[in-house]
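Side chains are part of it too, since the values below use all heavy atoms of this structure and drop only hydrogens, waters and symmetry mates. Throughout, a chain's letter reflects where its sequence line sits, starting with A, and its residues are numbered from 1.
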Amino acid sequence: MKILVPIKRVVDYAVKIRVKSDKSGVETANVKMSMNPFDEIAVEEAIRLKEKGIAKEIAAVSMGPKQSQETIRTAIAMGADTGIHVETDKELQPLAVAKLLQKLVETEKPQLIILGKQAIDDDCNQTAQMLAGLLNWPQATFASKVDIKDDKVHVTREIDGGLETLSMKLPAIVSCDLRLNEPRYAKLQNIMKSKKAQLNVLTPEKLGVDTTSHLSTVSVEEPPKRKGGVKVENIDQVVEGLKKNALI
Amino acid sequence: MNITIRNLAYIKYQPHSIPKNFSCHYSTEPIQGTKSDDIKLKNRIIVKDLYKQLLFLGRIGFLGADYIRERAKPQFMKNANLTDQDEINKCIDRTKYVIKEIEAMNRFHKYRSLKKSYDPEFQDIRDDFLNLNYNKNSNNK
């Protein structure tokens, strides 16, 4: 079984984000970038399926400028087999990403697509759902547990009311939530080896996909400042607060 | 041979292959009367690899490579001239332990920050822990 894992290169989770002075976006020049944490969880899940013997090959895909190749190499160092890079300098909207992935699915023919639920820079949470619509495949989003038995995937989803378990036939799309697994750190030796790995570089023109965005960003502003915590006077207030929020 | 702590450390750390034309700026000639240069070379490679791992963890984690380098480099330089294999193995064990601790800290920090950002329940509770209009005599619990 082949697994396709789309990943995204985003601003690192620990970086303090600053909005550009002309309110057109977020400062991304000279800022530390790394793989989207939810995509790391997706790569880890794919590798665990491979270690169990269910999957034979893992392909990591990323779309973006030349530097995205580093994130693909990180995925290869973690355990993916091949890397595909769709090179483009434009900002891609989730719909464009879904269309590109749809084209790639035709050549790669994976049985399962695992991706992170959302990217931490735009928080769209749309790519998995749009891709499922375009391909007409079943989807399970916010997965906190993935099991593959015979030709079916059993996914436990985290929803507002609790947990929901779905089962669907392959091929399917799964999007990962935070509690699916703990992603591994790639060993230095593997990182050195992945630097020499050959990536399959494509462009949206070669795939024949129109990636013009139908959305335009009007303005990007900082959120209102946090009010700040409350200072407590005695231990009774703490217990009261904990009880009120059903924490004890 | 008997597996004891002192030679377990040496057995476990198999360095990745030493290239045939290995050359470096430090001298690899054996000092008369002490260990063979083969063992010394292996020690050097192990220690350098551990140092690189430490810096790498600093670079990808939230601490930063500078923070780790400030603290690790003096320690490494202090123990640069050890000759007793036991002492060296102890230092190597300690470094491996520190590497695991830093890795655990990175994972924990990442999980916690993602949870803070993406768990709406968590955020509401955090900001409004006491329901700012906290009134002892209020009717609703």
Side-chain angles (χ1 to χ4, degrees), chain A residues 12-17 32-38 40-41 44 70 74 77 116-118 120-121 123 125 142 158 160 177-193 223-234 236-247, chain B residues 13-17 45-46 48-67 96 99-138 140-141:
Chain A
D12 192 64
Y13 79 95
V15 166
K16 277 241 161 5
I17 303 176
K32 183 176 169 197
M33 308 279 262
S34 58
M35 203 196 297
N36 185 21
F38 293 109
E40 280 177 359
I41 296 174
E44 171 68 20
E70 288 168 24
T74 314
K117 68 174 180 179
Q118 59 197 83
I120 58 176
D121 58 356
D123 286 328
N125 195 350
F142 317 121
E158 277 185 21
D160 287 338
D177 204 335
L178 186 58
R179 276 157 281 274
L180 181 55
N181 58 42
E182 246 333 302
R184 66 188 63 189
Y185 279 95
K187 298 211 178 99
L188 262 184
Q189 288 160 287
N190 294 344
I191 293 178
M192 292 294 149
K193 271 190 231 165
K225 292 261 182 286
R226 232 192 97 208
K227 283 180 295 226
V230 182
K231 218 166 180 180
V232 205
E233 266 135 60
N234 53 27
D236 289 328
Q237 282 194 334
V238 178
V239 175
E240 189 73 45
L242 286 170
K243 280 193 182 158
K244 216 179 264 187
N245 290 307
L247 288 166
Chain B
Y13 308 134
Q14 294 303 319
H16 34 281
S17 60
I45 289 180
I46 290 166
K48 282 189 114 180
D49 190 45
L50 288 176
Y51 185 69
K52 282 185 202 163
Q53 278 184 44
L54 273 173
L55 288 188
F56 175 71
L57 281 177
R59 205 170 352 121
I60 61 175
F62 68 103
L63 285 171
D66 293 330
Y67 182 95
K96 285 218 149 194
I99 287 175
K100 283 198 191 135
E101 291 280 298
I102 296 179
E103 208 182 278
M105 252 198 330
N106 282 343
R107 278 180 210 243
F108 189 57
H109 184 266
K110 192 169 218 173
Y111 179 80
R112 280 213 97 204
S113 10
L114 286 178
K115 187 171 172 196
K116 275 185 209 172
S117 319
Y118 289 100
D119 232 348
E121 221 179 80
F122 199 80
Q123 286 180 328
D124 289 334
I125 295 176
R126 188 173 64 132
D127 278 344
D128 205 14
F129 185 67
L130 297 176
N131 293 83
L132 283 175
N133 40 352
Y134 171 81
N135 188 359
K136 243 186 191 169
N137 303 325
S138 76
N140 46 336
K141 232 209 153 209

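- Within the 4.5 angstrom heavy-atom criterion, atoms from both the backbone and the side chain of I60(B) approach chain A.
- Contact tally against chain B (heavy-atom pairs below 4.5 Å) for D177(A), V15(A), L188(A): the top residue is L188(A).
- Within the 4.5 Å cutoff, the side chain of F142(A) has heavy atoms near those of the N125(A) side chain.
- Here E158(A) pairs with R179(A) under the salt bridge (Lys or Arg N to Asp or Glu O under 4.0 Å) rule; sequence neighbours left out.
- None of N36(A), D12(A), I17(A) except one satisfies the side chain to side chain contact (heavy atoms under 4.5 Å, CB included) rule with I120(A); the exception is N36(A).
- Applying a 4.5 Å heavy-atom cutoff, the residues of residues 99-106 of chain B that approach chain A are E103(B), N106(B).
- Contact annotation for Y185(A): both backbone and side-chain heavy atoms come within less than 4.5 Å of a heavy atom of chain B.
- Partners of D123(A) under the salt bridge (Lys or Arg N to Asp or Glu O under 4.0 Å) rule, at least two apart in sequence or in another chain, do not exist in this structure.
- Proximity to chain B is absent for every atom of K187(A), based on heavy atoms less than 4.5 angstrom apart.
- With a 4.5 Å cut-off on side-chain heavy atoms, E44(A) and E182(A) do not count as touching.
- Between Y13(A) and H109(B), the ring planes are tilted. Angles from 30° to 60° get that label.
- Within the 4.5 Å cutoff, no side-chain heavy atoms of M33(A) are placed close to those of E70(A).
- The side chain to side chain donor-acceptor pair (under 3.5 Å) analysis of residues 56-66 of chain B, with sequence neighbours excluded, yields the pairs D66(B)-R69(B).
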